[in-house]
Amino acid sequence: KKYGELSFDESHDLFRGAFISGFPWEVLKVLSGPPHVMFTWRHWGQLDGKFQDNVGQGEQLEMYGMCRVTVNQELKIQKIEVYYDPESFIKALEGKLKPSELKAGKALLGDVECPHVGKDVKLRV
């Protein structure tokens, strides 16, 4: 079966087999407080196992995202919205994308380097 055709349990087993050393998750920055809590997060791990036909060599893979969580007055979660780019991460797991393409949130944010920094730019007015 291909990744998108797996059950939850099969998918979980596949990821555990790819990240033998673990796949931690962390909150990076909380952007707003209750009742709508916005935060950024990162999942990462060493690809020291096998994902489908791709055998890892210990390279670090990262996945970045953002969440919006709505809580009630007791701070119990009422709703969770998760935003991330799973396709790029899966391509890296399959060996079809270099892990460096996921570094520092590139898959989520895009290439944020300004192409004009350090260059002479002539503007026509």
Side-chain angles (χ1 to χ4, degrees):
K1 288 184 184 179
K2 292 185 179 181
Y3 174 71
E5 301 168 353
L6 301 176
S7 70
F8 175 82
D9 289 333
E10 291 170 325
S11 174
H12 186 70
D13 290 342
L14 182 62
F15 274 87
R16 286 182 60 151
F19 296 102
I20 296 168
S21 301
F23 191 53
W25 181 88
E26 67 181 336
V27 172
L28 297 173
K29 187 169 187 173
V30 177
L31 303 169
S32 65
H36 303 291
V37 181
M38 295 279 300
F39 62 90
T40 58
W41 54 267
R42 176 176 82 128
H43 236 322
W44 80 99
Q46 306 300 321
L47 183 57
D48 51 3
K50 181 180 176 185
F51 183 86
Q52 295 177 335
D53 295 328
N54 185 34
V55 177
Q57 302 298 315
E59 59 269 44
Q60 180 172 303
L61 296 183
E62 300 176 305
M63 177 190 312
Y64 289 81
M66 177 177 267
C67 280
R68 181 176 192 243
V69 179
T70 303
V71 297
N72 64 18
Q73 290 181 340
E74 292 82 35
L75 300 180
K76 292 182 180 178
I77 295 173
Q78 304 300 300
K79 182 178 180 183
I80 298 177
E81 298 169 75
V82 181
Y83 304 95
Y84 67 106
D85 177 11
E87 287 83 15
S88 295
F89 188 75
I90 297 298
K91 284 181 184 176
L93 279 170
E94 293 172 336
K96 297 176 183 175
L97 184 69
K98 293 179 184 178
S100 61
E101 293 299 315
L102 303 177
K103 281 285 212 199
K106 234 185 212 183
L108 181 67
L109 300 173
D111 189 358
V112 296
E113 292 184 28
C114 178
H116 302 294
V117 173
K119 296 182 181 178
D120 291 329
V121 178
K122 296 180 182 178
L123 298 176
R124 294 185 183 176
V125 188

Participant: Y64: what forms a ring-ring contact (aromatic ring centres under 6.0 Å, His included) with it, not counting sequence neighbours?
Facilitator: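 Applying ring-ring contact (aromatic ring centres under 6.0 Å, His included) to Y64 gives none.
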Participant: Kindly say whether M38 contributes a backbone atom to a donor-acceptor pair with the side chain of S32 at under 3.5 angstrom?
Facilitator: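 Confirmed, S32 side chain pairs with M38 backbone.
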Participant: According to side-chain contact (heavy atoms from CB on, under 4.5 Å), who are the partners of Q73, at least two apart in sequence or on a separate chain?
Facilitator: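 None.
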Participant: Which atom names give the shortest non-hydrogen contact between N54 and G95, and what distance separates them?
Facilitator: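 Shortest heavy-atom contact: ND2-N, 3.3 Å.
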Participant: Rounded to the nearest 0.5 Å, what separation is found between the CE atom of M66 and the CH2 atom of W41?
Facilitator: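 The CE atom of M66 sits 11.0 Å away from the CH2 atom of W41.
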Participant: Does V27 share a hydrophobic cluster with Y83, counting links as ILVMFWY side-chain heavy atoms below 4.5 Å and allowing steps through other members?
Facilitator: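 Looking at the clustering, Y83 is in a separate group from V27.
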Participant: Output the distance between atom CD1 (I20) and atom CZ (F15), rounded to the nearest 0.5 Å.
Facilitator: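 One gets 14.5 Å once the value is rounded to the nearest 0.5 Å.
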Participant: What residues, two or more places apart in sequence or in another chain, satisfy side chain to side chain donor-acceptor pair (under 3.5 Å) together with S100?
Facilitator: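 For S100 there are no side chain to side chain donor-acceptor pair (under 3.5 Å) partners, ignoring immediate neighbours.
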Participant: Taking V69 as the starting point, is it possible to reach V82 by hopping between hydrophobic residues whose side chains are less than 4.5 Å apart?
Facilitator: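 V82 and V69: one cluster.
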Participant: Quick one: salt bridge (Lys or Arg N to Asp or Glu O under 4.0 Å) pairs with a partner in residues 29-58, sequence neighbours left out?
Facilitator: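 Found E26-R42, R42-E62.
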Participant: If hydrophobic clusters are built by linking Ile, Leu, Val, Met, Phe, Trp and Tyr wherever their side-chain heavy atoms come under 4.5 Å apart, do L93 and V55 end up in the same one?
Facilitator: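 Shared cluster, no.
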Participant: Taking the side chain from E10 and the backbone from S7, do they hold a donor-acceptor pair closer than 3.5 Å?
Facilitator: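 Indeed, once roles are kept as given, a pair shorter than 3.5 Å links the two residues.
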Participant: What about Y84 and V30, same hydrophobic cluster or not, with Ile/Leu/Val/Met/Phe/Trp/Tyr joined at side-chain heavy-atom distances under 4.5 Å?
Facilitator: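 Yes.
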Participant: Give the intermediate values and the outcome of side chain to side chain contact (heavy atoms under 4.5 Å, CB included) for residues L14 and Q52.
Facilitator: CA-CA 8 Å; L14 182 62; Q52 295 177 335; 4.3 Å; yes
Participant: Name all residues meeting the side-chain contact (heavy atoms from CB on, under 4.5 Å) criterion together with F23; count only those two or more places apart in sequence or in a different chain, and write none if there are none.
Facilitator: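 side-chain contact (heavy atoms from CB on, under 4.5 Å) list for F23, sorted by chain: F19, H43, F89.
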Participant: Quick one: list whatever passes side-chain contact (heavy atoms from CB on, under 4.5 Å) with P34, sequence neighbours left out.
Facilitator: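 By the side-chain contact (heavy atoms from CB on, under 4.5 Å) rule, P34 matches V37, V71, L75.
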Participant: Could you pull out the closest heavy-atom pair between A18 and L47, with the gap in Å?
Facilitator: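 Minimum heavy-atom contact is O-CD1, 3.4 Å.
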Participant: Does anything in residues 75-87 form a salt bridge (Lys or Arg N to Asp or Glu O under 4.0 Å)? List the pairs, not counting sequence neighbours.
Facilitator: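 Only R68-E81 qualify under salt bridge (Lys or Arg N to Asp or Glu O under 4.0 Å).
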Participant: Applying side chain to side chain contact (heavy atoms under 4.5 Å, CB included) to L97 and L102, what does each step give before you reach the verdict?
Facilitator: CA-CA 9 Å; L97 184 69; L102 303 177; 4.1 Å; yes
Participant: Hydrophobic clustering (ILVMFWY, side-chain heavy atoms < 4.5 Å, transitive) - are F8 and I80 grouped together?
Facilitator: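 In one cluster with I80: F8, no.
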